[in-house]
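Order of the sequence lines fixes the chain letters, A, B, ..., with proteins taken first and strands second; residue numbering starts at 1 for each chain.
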Amino acid sequence: MIKEANLEELRILGLMRHQAVFMARFLDDNFPAHHLLVGPVGTGKSFLARDLCRHMFSIGLANRILIVATSSLCKRYMESLLRTAGSDAVAVVDVRKFRAMEAAVEVGANPWPTPFIAILSENIAKREQIASSLVATQWDLLVVDEAHRLTGRNLSVIQTMIFGGRASRSLLMTATPTKSLSCIGGQKLTLTEWGVNEIDWTGNILRPREPVQTLVGLTRTKEEINFLKAILSFLAPVTIENSESNRLFSVLLARRAASSVFAVEQTLERMKRMRDEVLHGHPLAIQEDLLIAETDWQIEDHVKLTTLFQDVVEIEHLLHLIDEIRSDKKMERLCQLLEELTNQIRGVQEKICIFSSYSDTVLYVESALSDKDWDVFSLTGSNSAEEITAALQFIKESKRQAILVTSITEGLEVGDMDVLIHYDLPGTETEIEQRRGRFNRWGRRTPLKEFAFWDKSGVLQFEHDLLKKYFPSLCA
Amino acid sequence: MKGLHVATSGDATQEDKFSSKLFHRVNRILPEDQEVLTVPPDIEAKDAIKLMEERGFSQVPVVSRGEVLGVFSFRSFARGAARMVDEKVDPRGLPVDEFVERVPFVRLTEEFKPLIEFLDRHDAVLVGEEMRLQGIITGQDIIVYLHQIANAYLLLYEIELGLRELIRCAVDDDQLETCAVAVLNHQYKEDQIPTRLEEMVFGDYEAIIGYAKYWDYFRPVFGGTRDNTRAKLKSVRLIRNAIFHFKRELSIDEHWKLADSREWILRKLRIVESRRRGEIND
């Protein structure tokens, strides 16, 4: 039984009711020490974890905390915990930082100081030297954000820490639990699931209303259609080849073409430039992050795209077709939509966000909109936490119509934005849920307005298939 | 060794904390993904050489019970073999211990410059201390590191000169002056508007090429849509700003983007050249 007094204390900290209930349980010595928290995207799991770390650290309940998260989330954790812990007691630990920490203590001594909050990206935790040091250290609290991404050695490091007694308490969080998570190392974590019936402090259901969705039709020019058809025919031979890497790459290239001509042109230029390196078996350097996020393709699997890369003449032909395109109908339709929205919401100051899977497209859209009468900001994975905070603050305070163009799906706090425009569609349902979750936060009062583009030419069949999957009621 | 000494534990001072971040120190040169290969002293030289060949290394630290005894390298093996008195003994079957060379250690916080002098005389330098080997730096690591720093400047130099050439192909001096006066009047005082390419900065090129009214001049040279070209130039400008205003280190993706942009400029120049020679129609 949770004491109301405890909940009230947590309410004052700014937590929502479901977060406060969980935190009160987590802090109660009578409850188990190791938890798996499952909740849909947008329910404030990371927010809760940050508050939990802050609270436990500031009252001395946890002096050594380890947080494992994606790179973009690491930046957010760092930013929010700096204020509590100070710059000497919290750090994002990369290889260089770890080496310096190791060199700063006597040989054989533990490099992890106390009090200290260590924030590590999941990739760093995979490194042998760091991993062995982590499991040799006693942690008061272990937090793993986006825990479904734990696989292989990464998972076994976390497992050793929890069930080898190296983490006194642990909190693993995910929106999409995997089998290996719910029964980690054959032992069970205490499962908490946040469901659709969670309520706020006044008893109202927290789940936001369904988004208002609209498909925006567009008609591509003859030159655009010629180019897209040429891309498909360029990819056709490798799509049916027996190589998984080739197939993945062809899907990726087609999806970039569907996103923007700019994005696919960047890739084609790079293919031409890297031809020799790829032919000699070097790892392909094109959008590996996306391949990894969307598939189980490993960066170590050197991709041999010889068929595609040898065809320099065809790549040159595709680039020539791009030169022939004189107008971008999707961009024109976007501008038209933005003008319609701006006229509709004049004086209301609704905030608009345009989402793309590709940082190249983000740059393109931002650049194309920059000489219009709007305040346009762009954010991608290469922006620092400070830049992200500053951009969101500008948008909040902008007196003109503010538009954010972004490709960040994790750790971006844009729950107060009203309009979501998908400039392109992601390849997986998880990714579209992540996107929607940035906006459709629990506690949201007004329904989100969501737009996606529909190419009437139908030249890219997969785009239509994705629309059917993500917007079933509109495509029925 | 001048400027080099064995590290003492626990001496990472407050000064080190900042200077390591700001200046070129050993910790920045040491590759992040380096996994150090070591061998025990009793391994036969031929097996150590086989390992080194498999991994593409020219030297390997010899470690016994956590203590670094020195380095076994092709050079140390050759020297040792040449000094051998008994010609009947096959040096390949001897333990690497017989060929170990002592090399001093450097600290992570050590200055960068002395490394060059040191590597002039040795194959590699060890990082850390005898009981705690943290890495190994070779001449190749220094070259790669300096290339990473310098490459972006070289690419930007070529991109900027290439871009000027493309602008010259698109407009004559009078047209350029007209464009500059119309486009740059917000950025400069009236009598200070640059009208020659050499007087302009990268942002000026970008503004002129991307200006809707004059796009017809530039389209035959750059091709595609105005928005596409603007995004290309903006991408270069952002990276250029990050470098010249020392905002941060460039990511690998940004290095690639610069290289891609250079290729893009080069392709456009080749197209213009082919047209001049009559190989491609407008």
Can you check side-chain contact (heavy atoms from CB on, under 4.5 Å) on Ile271(B) and Asp323(A), steps first, answer last?
CA-CA 11 Å; Ile271(B) 291 172; Asp323(A) 287 347; 4.0 Å; yes
For chain A, which of Asp33(B), Leu238(B), Val127(B) has the most heavy-atom pairs under 4.5 Å?
Asp33(B)
Output all residues satisfying salt bridge (Lys or Arg N to Asp or Glu O under 4.0 Å) with Glu102(A), sequence neighbours left out; order by chain, then residue number.
none
Give, as side chain, backbone, both or neither, the part of Ala212(B) having an atom under 4.5 angstrom from any heavy atom of chain A.
neither
Close approach to chain B in residues 220-228 of chain A, criterion heavy atom under 4.5 Å
none
At a heavy-atom separation under 4.5 Å, does Leu319(A) approach chain B through its side chain, its backbone, both, or neither?
both
Tell me the residues of residues 220-236 of chain B whose non-hydrogen atoms fall below 4.5 Å from those of chain A, in number order.
Phe222(B), Gly223(B), Gly224(B), Thr225(B), Arg226(B), Asp227(B), Asn228(B), Arg230(B), Ala231(B), Lys232(B), Lys234(B), Ser235(B)
Hey, is Glu265(A) close enough to Arg267(B) for a salt bridge, meaning N to O under 4.0 Å?
yes
Count the heavy atoms of every other residue, nucleotide or ligand shown that sit under 6.0 Å from CZ of Arg153(A), and state whether that count exceeds 12.
yes
Residues Arg99(A) and Asn27(B): side-chain donor-acceptor under 3.5 angstrom:
yes
Atom OH of Tyr157(B) with >12 non-hydrogen neighbours under 6.0 angstrom
no
Measure across Ala103(A) and Leu108(B) and return the closest heavy-atom pair with its distance rounded to 0.1 Å.
CB-CD1, 3.8 Å
Closer than 3.5 angstrom, by distance alone: can the side chain of Glu263(B) be matched with the main-chain N or O of Arg270(A) as a donor-acceptor pair?
no
Per-residue contact mode, Arg219(B) against chain A (heavy atom under 4.5 angstrom):
side chain
Under 4.5 Å from a heavy atom of chain B, the part of Met331(A) involved
side chain
Between CH2 on residue Trp256(B) and CD on residue Gln266(A), distance to nearest 0.5 Å
13.5 Å
Decide side-chain contact (heavy atoms from CB on, under 4.5 Å) for Gln34(B) and Val95(A); before the verdict, give the C-alpha distance in whole Å, the side-chain angles of both, and the deciding distance to 0.1 Å.
CA-CA 10 Å; Gln34(B) 185 180 82; Val95(A) 174; over 6 Å; no
Suppose we screen for side-chain contact (heavy atoms from CB on, under 4.5 Å). Which residues come up paired with Glu35(B), at least two apart in sequence or across chains?
Glu128(A)
